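Only heavy atoms go into these numbers, but all of them, side chains included; no hydrogens, no water, no symmetry mates. A quick note: this is a predicted structure, and the numbers were derived from the prediction, not measured.
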Amino acid sequence: MSPRRTETGGRIDRLRTIRFTFDGAPYTGHAGDTLASALLANGVRLFGRSFKYHRPRGLLAAGVEEPNALVTVLRGEVREPNIPATMVEIYDGLVAVSQNRTPSLTWDIGAINQLGGKILSAGFYYKTFMGPVFGPLKGTRFWMFCEHFIRRAAGLGKAGTAPDPARYERMNAFCDVLVVGSGPAGLMAAKAAADQGARVILADLEAHFGGSANWSGETIDGMPAVDWAQRMAAQLAGNDNVRLLPRTTVWGYYDGNTLAALERVTDHKEVAAKGEPRQRYWAIRAGTVVLATGSFERPLVFPDNDRPGVMLAHAAERYVNEYGVLPGQRVALFTNNDSAYRSAVALKEAGAAVVAIIDVRSDVSNEMRRLASDAEAELLAGHGVVATEGGKALTGLKVQRFDAMSGSLSGDERSIHADSLLMSGGWSPTIHLASQAGAKAEWDAARQAFLPPKPTQRWIGAGAFTGSFSTAEAIAEGRAAGLQATGGTASSGPLPVVEAAPGDPDPAPIFEIRAKGKSFVDFQHDVTAEDVRLAHREGFVSVEHLKRYTTLGMATDQGKNSNVPGLAIMAEALGKPIPEVGTTRFRPPYTAVSIGSLAAERFGDLKPERLTPMHDWHIANGARMYSAGLWYRPMIYGLPGETVEQAYVREARATRDSAGIVDVSTLGKIAVQGPDAAEFLDRVYTNMFSTLAVGKARYGLMLREDGLAFDDGTTWRLGEQEFLMTTTTANAGKVMQHLEYFLDVIWPELKVTVTSVTDEWAGAAIGGPNARAILAACVTGTAVDNATLPFMGIVHGRIAGVPVMICRLSFSGEMAFEVYSGAGYGTRVWEALIEAGKPFGLVTYGLEALGTMRIEKGHVTGAEIDGRTTARDLHLDWMLSKKKPFIGSAMMDREGLIAPDRLELVGLIALDNRALNGGGHIVEELDEANPHDSLGHITACCYSPALGKYIALALVKGGKARHGTRAFVSDPLRNRFGPVEIVSNHFFDPDGSRMHG
């Protein structure tokens, strides 16, 4: 038997022994233990060191709010720091280590900081290191000198550097009712909603449903509360319309009743089953949310209240009833409310000696006196704890008579021998999600706590979340919330009957016993009551300033224990009531969330990856992929031994000789619909679209409001009130924002809707002299001859039985067609086109060949439309309508935008037959030792198979006037210097005969 394990009781499986290590030492526990309960059962009292003073710390809580017992879990080379030991389920082979100590937890040289006293008070790093003068180290120089050492000392756990091999998943879920929290209130809400036929999701951060029922020791419907909770969970699991999510923390509440949750799928397993992710990120969109998140017990503030062995009363009760572990053999309790008395009885029944109950209230009810007698505890009413004794573990405490009205102490100190001190300072409803959803928390004087705000989204509260701390109230409110969420009528069935210990949940408004010694408010960040008063004296009286100056509530527990005591102490210093001081707004995440889970399947990248419908085909057929913005696109389809240049030259030459096909699914596609769609496009584009015939497309240019070029693309008229706009791949999102802004803010009277349909269409562009013949071989339902499908014409037909839309337009300069199909059929159409092209030598080509052909043709992309160029700079002034105003027309003729020395688009030919580089500067006189006097720069370059030369597009001052002249490329970064000829940007087929033929 472990030193503190009870002989019976708890939900652990005593027949299954689990072996694990902590700080290299081997330990055993049982299935169902947390790391905290297993170590406590083995007699471990010291779990960590505090952030600033490196004081020894033990367990304070039993759940997610634990601030002291933070550990690092090791899985091979991967280390995950700052995990509460209370939330780590043990498994065979678990390896955990303590944090923030050198060289060991028992002997930590950082503990010397405790000698710093007031020097290390709130804001010490500002006041100590920003001002003193030590020789040349003046002001900020001294800070910069000290910063290196401070940074090394700061922090708690050490982040790992090894790649994380774990797999993560993302899930989207929709439900009528999301119930957060599975205590009695949550279980009743979920059952009531499910019985009404609603789709219900029940999520709880613990491994087992039941919440407080798992450790309260109460009786519900004649059976132990834990058995009642298990029965309720089993009934819910049997419903097809209910999804149960244990080990799932709902951590964010966002607009539109969208909530974020993290499911810990295999963190509690030695080895994940095949296909199981480590964690799963859930985006849940709920019709109504029932918040049954319970409450946290608060600590009391008194000298040396952080010594290992000082714990929250309900945490001790939970360790006894749920894990069969005693927090100590001789236990004292310190309280300002009735709930600690129930804990005292539970500990007595488990075998602990309850030596005293210290209550700040002089007037203790007869019921509580009876419970104290049942616990065989001496009741010291009207007393307070003024000190604790011991080193790395509690050995005793001192009490003194206390006047709750004046807050004064009197009489002699009395010593009490105890190895565990349990404190209860009242309860704070867990209102974090409601606060995130919007609105300000409301102070309740009776509960001495902040209650949830009035709902600004569709949520309903139940149980301790609302300040209803009894199980009977929680059950009643839970059922009512479930019915309200579904619009159901009140049930006529009887509510479960609860047998519970009596008690008044309202605490005395006592948060601190002021006596000599450090009294901690925020345990993890070592914020003391004196730090809070110092902040007041130094003018940091706003609750937000208090938080930042003292770091109160900024630790990993986010003030779950410390916020209210800290605010109470500040309110007393200000001479104001707590609601006037207020509280900080809670922000997501509720608890720490791994970056891996947020990235999920894309864990190797901080950005999401966008894949076209034909992505797998490209990979299977030898494409070398690279990223174009967020998209992954083929760069080349290289043959064995080919360089990138050789591959794209081959692909481009084959396209111009016969035919080539490229995936253009990434082009931005926006549906513009409505009675005013044509008028809207006239205002957005520089050229006319209201005159465009149905079944035709037109090239368009957009300007920004300041008159600079914004984006170009084609827009297709599919009906009188329906257009399909295409944009450049990189600008799709920006164009969508641009359109929505003008519709919502500038022209709300226009009857137009814009919808991004980029992901709805797969696109393939097929071009070259044989492109029409290839289409004719595989398209049914329409002809594709010149009469039926002229330049910029649109037809509808089928390829391989799939409906397609075909537009004749060209980016390559060849006769070309863009073929669009539903995204789900993209690969099928793509393969059919390739099969039809085999007799013609059709090649697939990537972005390098696409870029080569567009450079040869002189077409512009984002490299030229870079936010600094105008339509005139790009020789697109022929698109500026003189018949109508448009976005940017009022500003495009500003003096600076029509100056003769502006950078203009030109073509360059390398006269030394060497490759050019994007970004290289163009100069009139070459000076390799001192590059200067840039005329402009290269925007895009390639080897041109059509010309047999290295060419480039560039922006050059007075560019058009320089056609036929020579200059030099100056690129000192890459040591590329040499002569170039400035020519027209239209290198190939300037009259467009190949494109229009």
Side-chain angles (χ1 to χ4, degrees), residues 1-14 29-41 59-66 85-87 89-90 182-184 187 204-233 294-297 311-329 331 333 335 338-354 357 371 374-377 420 422-424 427 463-464 469-471 474 498-503:
M1 181 66 63
S2 299
R4 297 193 184 278
R5 184 77 76 179
T6 60
E7 293 185 3
T8 60
R11 294 193 56 182
I12 56 171
D13 183 352
R14 295 173 184 264
H30 295 294
D33 265 324
T34 64
L35 179 61
S37 66
L39 289 175
L40 192 62
L59 289 170
L60 179 72
V64 70
E65 73 273 28
E66 172 59 43
T86 52
M87 298 302 294
E89 298 176 60
I90 63 169
S182 70
L187 290 171
D204 195 288
L205 55 80
E206 297 287 352
H208 304 286
F209 293 110
S212 63
N214 290 326
W215 52 266
S216 67
E218 297 173 342
T219 299
I220 303 177
D221 268 355
M223 67 182 74
V226 60
D227 294 338
W228 175 85
Q230 285 182 329
R231 187 184 69 176
M232 288 284 288
S295 60
F296 292 122
E297 191 173 27
M311 185 185 294
L312 294 171
H314 95 282
E317 187 178 354
R318 182 175 177 185
Y319 283 118
V320 165
N321 288 341
E322 189 167 1
Y323 303 108
V325 178
L326 288 172
Q329 300 296 334
V331 178
L333 293 98
T335 185
D338 288 353
S339 64
Y341 290 80
R342 185 186 73 178
S343 301
V345 173
L347 288 160
K348 173 63 180 176
E349 292 176 347
V354 183
I357 298 177
L371 289 178
D374 291 346
E376 299 180 7
S420 182
L422 312 180
M423 52 185 172
S424 178
W427 296 82
F469 295 129
S470 75
T471 301
V498 180
E499 296 178 24

(Q) Rounded at 0.5 Å granularity, tell me how far CD1 in I357 sits from CG in L371. (A) 8.0 Å

**Q.** Contacts of type side chain to side chain contact (heavy atoms under 4.5 Å, CB included), residue A315, not counting sequence neighbours
**A.** A62, M311, L312, Y319

Q.
Does any part of the side chain of W215, heavy atoms only, come nearer than 4.5 Å to the side chain of H314, both counted from C-beta?
A. yes

Q) Quick one: does F296's side chain get under 4.5 Å of W427's, heavy atoms only? A) no

Q: Quick one: do R14 and E7 satisfy salt bridge (charged side-chain N to carboxylate O under 4.0 Å, His left out)? Show the steps, please.
A: CA-CA 10 Å; R14 295 173 184 264; E7 293 185 3; over 6 Å; no

Q. Of all heavy-atom pairs between G210 and A229, which one has the smallest distance, and what is that distance?
A. CA-CB, 3.7 Å

Q: Report the C-alpha separation of I12 and E322 in whole Å, then their side-chain angles, then the decisive distance to 0.1 Å, and conclude whether the side-chain contact (heavy atoms from CB on, under 4.5 Å) test is met.
A: CA-CA 7 Å; I12 56 171; E322 189 167 1; over 6 Å; no

Q) Salt-bridged, E206 to R318, with N to O below 4.0 Å? A) yes

Q | Under 3.5 Å side-chain donor-acceptor pair for T34 and E89 | A | no

Q. Taking all non-hydrogen atoms of both residues, which atom of N321 and which atom of A346 are closest, and how far apart?
A. ND2-CB, 4.2 Å

**Q.** Partner of R5 under side-chain contact (heavy atoms from CB on, under 4.5 Å), chosen from V325, L326, L40
**A.** V325

Q. Are side-chain heavy atoms of E66 and M87 found at a separation under 4.5 Å?
A. no

**Q.** Minimum heavy-atom distance S420-G328, with the two atoms named
**A.** CB-CA, 4.0 Å

Q | Working for side-chain contact (heavy atoms from CB on, under 4.5 Å), residues E297 and E65 | A | CA-CA 10 Å; E297 191 173 27; E65 73 273 28; over 6 Å; no

Q | Approximate separation, where rounding is to 0.5 Å, of D221 CG and M232 CE | A | 9.5 Å

Q. How far apart are the closest heavy atoms of T471 and P184, and which atoms are they?
A. CG2-CG, 3.9 Å

Q. Does W228 have any ring pair (Phe, Tyr, Trp, His ring centres under 6.0 Å) partners at least two apart in sequence or in another chain, and if so, which?
A. none

(Q) Less than 3.5 Å apart, any donor N or O on the side chain of E317 or S343 sitting next to an acceptor on the other? (A) yes

(Q) Let me confirm one number: the CZ-CG distance from R342 to L347, rounded to the nearest 0.5 Å. (A) 11.0 Å

(Q) Just so I know, are the side chains of H208 and N214 near enough to count as touching, which here means a heavy-atom distance under 4.5 Å? (A) yes

Q: Work out which heavy atom in G183 is nearest to a heavy atom in D204; give both atom names and the distance.
A: N-OD2, 4.4 Å

Q) Of the non-hydrogen atoms in G32 and Y323, which two are nearest, and what is the gap between them? A) O-CE2, 3.3 Å

Q) Going from OG1 on T86 to CG on L39, what distance comes out if it is rounded to the nearest 0.5 angstrom? A) 11.5 Å

Q. E218 versus E499: any side-chain heavy-atom pair under 4.5 Å?
A. no

Q: Using the test side chain to side chain contact (heavy atoms under 4.5 Å, CB included), find all partners of A340 that sit at least two apart in sequence or belong to another chain.
A: A313, L333, T335, S424

Q | Any E349 side-chain heavy atom under 4.5 Å of T6 side chain | A | no

**Q.** R11 (side chain) donor-acceptor with V226 (main chain) under 3.5 angstrom
**A.** no

